[in-house]
Structure formats: C-alpha cells, structure tokens
Amino acid sequence: MTRREFVRKLVRRIHKEAETLDRDVTIMHVCGSHERTIVEHGLRSLLPENVRLVCGPGCPVCVTTTGELAAAIKAAEDGMVVCAFGDVYRVPTPVGSLSSCDGDVRVVQSVRKAEEIAESEDRDVLYLAVGFETTAPTTAAVLLDDPPSNFYVLSAHRLIPPAMEWLLESGECRLDAFICPGHVSTIIGTGPYESVARELPCVVAGFEPEDVLIAVLACLKMLRRGRVGVTNEYLRAVEDRGNPVAKELMERAFEPEDRPWRGFPTIPESALKLREDLADHDAIEIGIRPDYTLGHDESCICDRILRGLAEPRDCPLFGTKCTPTDPVGPCMVSEEGPCFIEYRFGGG
C-alpha cells in the first residue's frame, strides 16, 4: 500500500467513525508542531464536517507572559547581557521588544550557548528560559553542572498537563478529546495525562500527517465506545514511563509553581521555578521579577486563539496589521504560533 493509499484509507475510516457518532466533535491538540503538520498538509479539509480540530496553548513562546518578557527587557536595559531564543526576540510588549530595546540582547540556540557567553563575559548574563517539558531538562542540566557565578536564569518554563486540566475544567471550549504533544510526551510519558484522561480520550501522537490522522481516528473510536483514558499512538518515540533521566534533572532543578500564562489566569502548579539550592542562579533573587499584571494590545486575540475559542483568521488584524514581518502578537512571531503557521502554510 502506498502512502497516499494509506492516507485515503485513514480518511475513509475517520468518516465512517464520525457517522456513527451523529454529533459534533471537538478535538484539541496542544502542540505547535502538530498545528504545522495539520495546516501544511491541509488535514482539516480531509475531516468530516462534524469533526473539528482546534489548537490550544501548544506554542511555548506564545504562552510566555508580557511580564516575563518585559522583565528580560528591563534587565538588558539595566546592563545585563540577555540571551534568548530567536522566536522570543521579536515578541512585542507594551514596553517594546528584546529586539528593539537599548541593551545587549543575544539570540542563542541553546542554554549551553548562553552559559558559554557567561563564561566569556565580566557582566552578569541572563538566560530567558522558555519552553515546556521538552526544553526544561536542558536548562536543568546546565543549572546542575556548576555554571559560572554570573549566569542567571529567568524561568518561564511551563508544564502542559496542568493547562489541559484547566481547559477541561473551565468548560470555555467544549472538548471531546485531546491529542497529546509528542515531544513533551517523550519526556513525561503518558502518566501525567491521567487526570485529564479520566474525563475524555487522550491520544499521544507523532508529527507525520498519518500520525495525526491516526490520532483523530483513535479519538473517534474511543468516543464511539464511550471510553476514556490515554492511548499512545507514538510508540516509536514515546515510552509510557517517559525519559527517567530528563525527569530526574527537572525534579532536581525545579519545583512546580502557580503562575499565569498569556491568555490564561493563574494555573496551579503549571510553571517551574528554580529550587532554593540553585538560588545563586535564580534571576528572581536579584530582583528580576515579572509583573504578571502587565497587559497586551487588546486588539490582538492571541489569548482566545490559545484557548481554542478562535482561529487565526477570526482576528481582524490577521494578514493586514499583523504579519510575520510586523507582528502584533506572539502567535504571529513564533514558528510554532498558530497565526504564523496559518500565514506561512495556510495561504497567507
């Protein structure tokens, strides 16, 4: 069977399963890479009319609050060398962006590069650590490996399962199933989804178009049978126990903390703060404290898009006042942002 034939078979089976449900179904994924696969390959157009596939808070840059970005901007303007990923560099805030601020801001590809910069600098160096469970272990590894005394971390790391729990409990967007993120799941395994999976189907998926379609089919099958629980459809990369080494690094370096996300209220134990024995490298301890009350451009609907309440093209700014070269919100900046993906792969 060719790949094309396999995809056609999957689509036929999805339509058959959807017919048996005889109701509308909303499946949310929480991964920017899944959104890219879905848009780039036009997967939504292959689904039955009663199956809706929406994106949630799956972009780590998009969920970073303006307060955290503004704190890094102030640190740069106060004389620190600030290191950040390229996607974070251009995100606008009410006080400007890292790219436009009057300070020494350097784009890095990894936390190790930021550490190297600290080793070569006399000044203090701040690393703005964004990302989910996928990137947190690498930040932890550097923190636990005796970094230079002038190296500080502002942890904006977030945890995916608590956000899924919040989305489910809020009831804002009626959800019937989750497609769980493949990259995050390689680290945490399937166990952390169990609290959500007591309520509805959760399916761990990879990133090929077939992977996403298989996940959709698995969700529909579970719904037809009235089943809940976690199904791992990404067996070639995800073990149910996750990655024990990475999880241990995270556990040694961080502890969970209640914190707001962009577009979300404070979500219990949804962020990672440095443990007390790493306080010498904690930016919070030297006064770099995010103001979580700092707002954003009210004309931007990134917050609603991240909660599954709107789609990129629902935004009146999409493709006109907000483009990848002149973004208004983070969803148009990051390559994992739903607006950037729709603009780049969905026809501009």
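Computation of the quantities below employed the complete heavy-atom set of this structure, encompassing side-chain atoms and omitting hydrogens, waters and symmetry-equivalent molecules.
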Looking only at non-hydrogen atoms, find the nearest pair between [X] and [Y] and report the distance.
{"X": "Leu43", "Y": "Pro209", "value": "CD1-O, 3.9 Å"}
{"X": "Pro330", "Y": "Val61", "value": "CB-O, 4.2 Å"}
{"X": "Val203", "Y": "Ala218", "value": "CG2-CB, 4.0 Å"}
{"X": "Val333", "Y": "Gly329", "value": "CG2-O, 3.4 Å"}
{"X": "Leu223", "Y": "Val25", "value": "CD1-CG1, 3.7 Å"}
{"X": "Gly263", "Y": "Arg307", "value": "O-NH1, 2.6 Å"}

Between [X] and [Y], does any side-chain N to carboxylate O distance fall below 4.0 Å?
{"X": "Lys321", "Y": "Asp297", "value": "no"}
{"X": "Asp104", "Y": "Arg123", "value": "yes"}
{"X": "Lys74", "Y": "Glu77", "value": "no"}
{"X": "Arg224", "Y": "Glu19", "value": "no"}
{"X": "Glu251", "Y": "Arg275", "value": "yes"}
{"X": "Arg106", "Y": "Glu121", "value": "yes"}

What I want to check is whether the side chains of Ser185 and Tyr193 have a donor and an acceptor closer together than 3.5 Å. yes
side-chain contact (heavy atoms from CB on, under 4.5 Å) between His281 and Val153: does it pass, once the steps are laid out? CA-CA 6 Å; His281 299 287; Val153 169; 5.6 Å; no
Got a donor-acceptor contact below 3.5 angstrom from the Lys113 side chain to the Cys83 backbone? no
Do [X] and [Y] touch side chain to side chain, with heavy atoms closer than 4.5 Å?
{"X": "Leu154", "Y": "Pro290", "result": "yes"}
{"X": "Lys221", "Y": "Leu217", "result": "yes"}
{"X": "Met80", "Y": "Ile286", "result": "yes"}
{"X": "Leu220", "Y": "Val51", "result": "yes"}
{"X": "Leu278", "Y": "Leu144", "result": "yes"}

Other residues, nucleotides, ligands: >12 heavy atoms within 6.0 Å of [X] [atom1]:
{"X": "Arg4", "atom1": "CZ", "result": "no"}
{"X": "Asp277", "atom1": "CG", "result": "yes"}
{"X": "Asp102", "atom1": "CG", "result": "no"}
{"X": "Arg112", "atom1": "CZ", "result": "yes"}

Test side chain to side chain donor-acceptor pair (under 3.5 Å) applied to Thr37 - qualifying residues, sequence neighbours left out: none
Would Glu311 and Arg313 count as a salt bridge (charged side-chain N to carboxylate O under 4.0 Å, His left out) if you check the C-alpha gap in whole Å, the side-chain angles of each, and the deciding distance to 0.1 Å? CA-CA 6 Å; Glu311 298 176 1; Arg313 290 182 185 276; over 6 Å; no
For Glu17 and Arg225, what are the C-alpha separation, side-chain angles and deciding distance, and is it a salt bridge (charged side-chain N to carboxylate O under 4.0 Å, His left out)? CA-CA 10 Å; Glu17 288 290 340; Arg225 295 168 181 168; 5.8 Å; no
Tested for side chain to side chain contact (heavy atoms under 4.5 Å, CB included) against Leu159, the lone hit among Arg259, Glu257, Glu269, Met250 is Met250
Passing candidate, ring-ring contact (aromatic ring centres under 6.0 Å, His included) with Phe207, options His29, His34, His41: His34
Step by step, would you call Asp176 with Arg23 a side-chain contact (heavy atoms from CB on, under 4.5 Å)? CA-CA 11 Å; Asp176 297 288; Arg23 65 182 176 88; 3.0 Å; yes
